[in-house]
There are 2 protein chains.
Amino acid sequence: MDQLLNSVKISINHKIYLKDPESSGLGKKIVSHSILMIDEIGFEAFTFKKLGAKIGSNESSIYRYFENKHKLLVYLTSWYWGWVEYKLVFATNSISNPWEKLEKAIEIVTKTIEEDSTFNHINEVVLGRIVIKESSKSYLTKEVDGENKSGYFEIYKRMVNRLSTMIAAVDSNYSYPTSLASTIMEANLHQHFLKDHFPTLTNCSENKQPSAFLLNMVKKTLNND
Amino acid sequence: MDQLLNSVKISINHKIYLKDPESSGLGKKIVSHSILMIDEIGFEAFTFKKLGAKIGSNESSIYRYFENKHKLLVYLTSWYWGWVEYKLVFATNSISNPWEKLEKAIEIVTKTIEEDSTFNHINEVVLGRIVIKESSKSYLTKEVDGENKSGYFEIYKRMVNRLSTMIAAVDSNYSYPTSLASTIMEANLHQHFLKDHFPTLTNCSENKQPSAFLLNMVKKTLNND
DNA sequence: CAAAAATAATAGTTTTACTATCATAGTATA
DNA sequence: TATACTATGATAGTAAAACTATTATTTTTG
């Protein structure tokens, strides 16, 4: 992204991990290879035992970083949204025109992910695929309320609220800025998924990205076209 | 719903089950109690063994109806969308004005579920909660493409396409009728979920339903207000 | 009433998702 | 340089999940 950002670290709630995976080589290996493995075999089939075998490490060592694979998924999605948030703040901070700001924000949130060499143990493109396919499993659980109280989803919530504030700045009379913000976030992932697996349920495709659909929808909804 | 419909049966792809659960008392018990149990303990903790214990039946007997709990979930969500589709067709069939028709359709798809005595072994209110919290797990899998080819999701797809057709009838110049239709379906579930678990991520609440948010969004997007 | 079909009971397998204990290698510090 | 601390690895073990297989019993129905 920028050389200036070489020292940036995405900061994640300590309750999500037992030991900070950024603090050691093994920790980074756990993160980088879990991303590749979840993408390859899916979250359901993914286990710490398989991951251990792949990175030449021990199952029990992985358990010293994350309590279970659910928390690892929460960690990965939090990292992803922290990374997107960083790009969003960086790109929109200097824009004063509310419409321009919102447009830029939507572009950042919805555009196809490109690799970012700032964080070299994380493949953002593959992580983006995991977020599309697996991230909703991190909150569609029986434990969601407790985990939400513990702050597991704070980065995601902050992202939605940033978008919501930008929407309200554009149209202060609109009654549903937060719902529209959460819909942009979720619909973007959903349209990406549909384009890859249910092409008859979307008008999006490789040359007609979800980004354009959502920007159009937001512009119309907020009376600007 | 109506006495006329007493003989109606929601028809579901035979590949989803091994033996039609509508064909026996045990089958109906499996369906009705699995709905209650998944709602109660969540899909992850739900097992055929626990269900067997609850209905005083044997684990192995349940396996003669459904290969595994994943297929049972596909069955339940298909049934739900088949039921919604039925109500949708029934309610919109006689409406000739395109806008009126679309509005009615959105109302049916998004409104809070009420119990329907037509199908007395299924509690539609509880099933609705399962669809909100668990249904995306039925397609966010590694097997989705194969299962889609086998027709596991045909009812859901038909629903989205009915909505899409109605959207196109209202505004034939709009470029994203199918994406808007799938977004209505998904955003409705998502907003319902947020209102119950992440109130800071939505403007919806008990007296401000997702239905109103979505209808407003669709009207604006299709230039009608 | 007999045959067929459905269900129940029992047992067994493999894998998952852990927990516990002990060994060892590397690093820091006195 | 000894030692102590920490991280990781190796091994073992458990309970439950997710099945499969076989046999017994009950229920249905022709």
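Sequence lines set the chain letters: A, B, ... in the order given, protein chains first and strands last, and positions in each chain run from 1. Note that this is a predicted model, so its numbers are computed, not measured.
Taking only side-chain nitrogens and oxygens, A:Ser24 never comes nearer than 4.0 Å to OP1 or OP2 of D:dT6. OP1 or OP2 of C:dC18 has not a single side-chain nitrogen or oxygen of A:Lys69 nearer than 4.0 Å. Remark: B:Tyr65 is in phosphate contact with C:dT7, judged by side-chain N or O atoms under 4.0 Å from OP1 or OP2. A close approach under 4.0 Å does not occur between any side-chain nitrogen or oxygen of B:Ser60 and OP1 or OP2 of C:dA8. Dashed line: the shortest gap from a side-chain N or O of B:Lys19 to OP1 or OP2 of C:dT7 is under 4.0 Å.
Separating the CG atom of B:Leu26 from the P atom of C:dA6 is a distance of 11 Å, rounded to the nearest angstrom. To the nearest angstrom, C1' of C:dA6 lies 16 Å from NZ of B:Lys28. In this entry the distance linking CZ of B:Phe48 with C1' of D:dT20 reads 14 Å, nearest Å. With rounding to whole Å, B:Glu44 atom CD is found 11 Å from C:dA17 atom P. Rounded to an integer number of Å, the gap from CZ of B:Phe46 to C1' of D:dA18 is 13 Å. In this structure, A:Asn58 atom CG and C:dA23 atom P are separated by 16 Å, rounded to whole Å. Taking atom CZ of B:Phe66 as the reference point, atom P of D:dA18 lies 16 Å away to the nearest angstrom. Rounded to whole Å, the distance from CZ on A:Phe43 to P on C:dA17 is 8 Å.
For the side-chain contact (heavy atoms from CB on, under 4.5 Å) test, residues two or more places apart in sequence or in another chain that qualify with A:Asn188 are A:Thr110, A:His192, A:Pro210, A:Leu214.
Using a 4.0 Å heavy-atom criterion, one finds that B:Glu67 contacts the sugar-phosphate atoms exclusively. Base contact: A:Ser61 has a heavy atom under 4.0 Å from a base atom. Base engagement by B:Tyr63 is indicated by at least one non-hydrogen atom pair under 4.0 Å involving a base atom.
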Side chain to side chain donor-acceptor pair (under 3.5 Å) between B:Ser135 and B:Tyr156, intermediate numbers included: CA-CA 11 Å; B:Ser135 67; B:Tyr156 183 80; over 6 Å; no
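Toward the 5' end of DNA chain C, the nearer of the two residues A:Arg64 and A:Lys50, judged by each one's closest nucleotide, is A:Lys50. Sequence order on DNA chain C of the closest nucleotides to B:Gly27 and A:Lys49 puts B:Gly27 first from the 5' end.
Here the two rings, on A:Tyr139 and B:Phe193, have centers that are under 6.0 Å apart.
None of A:Lys195, A:Gln191, A:Lys208, A:His190 except one satisfies the side chain to side chain donor-acceptor pair (under 3.5 Å) rule with A:Thr202; the exception is A:Gln191.
Legend: ring pair (Phe, Tyr, Trp, His ring centres under 6.0 Å) pairs involving residues 18-48 of chain A, not counting sequence neighbours, sorted by first then second residue: A:Phe48-A:Tyr63.
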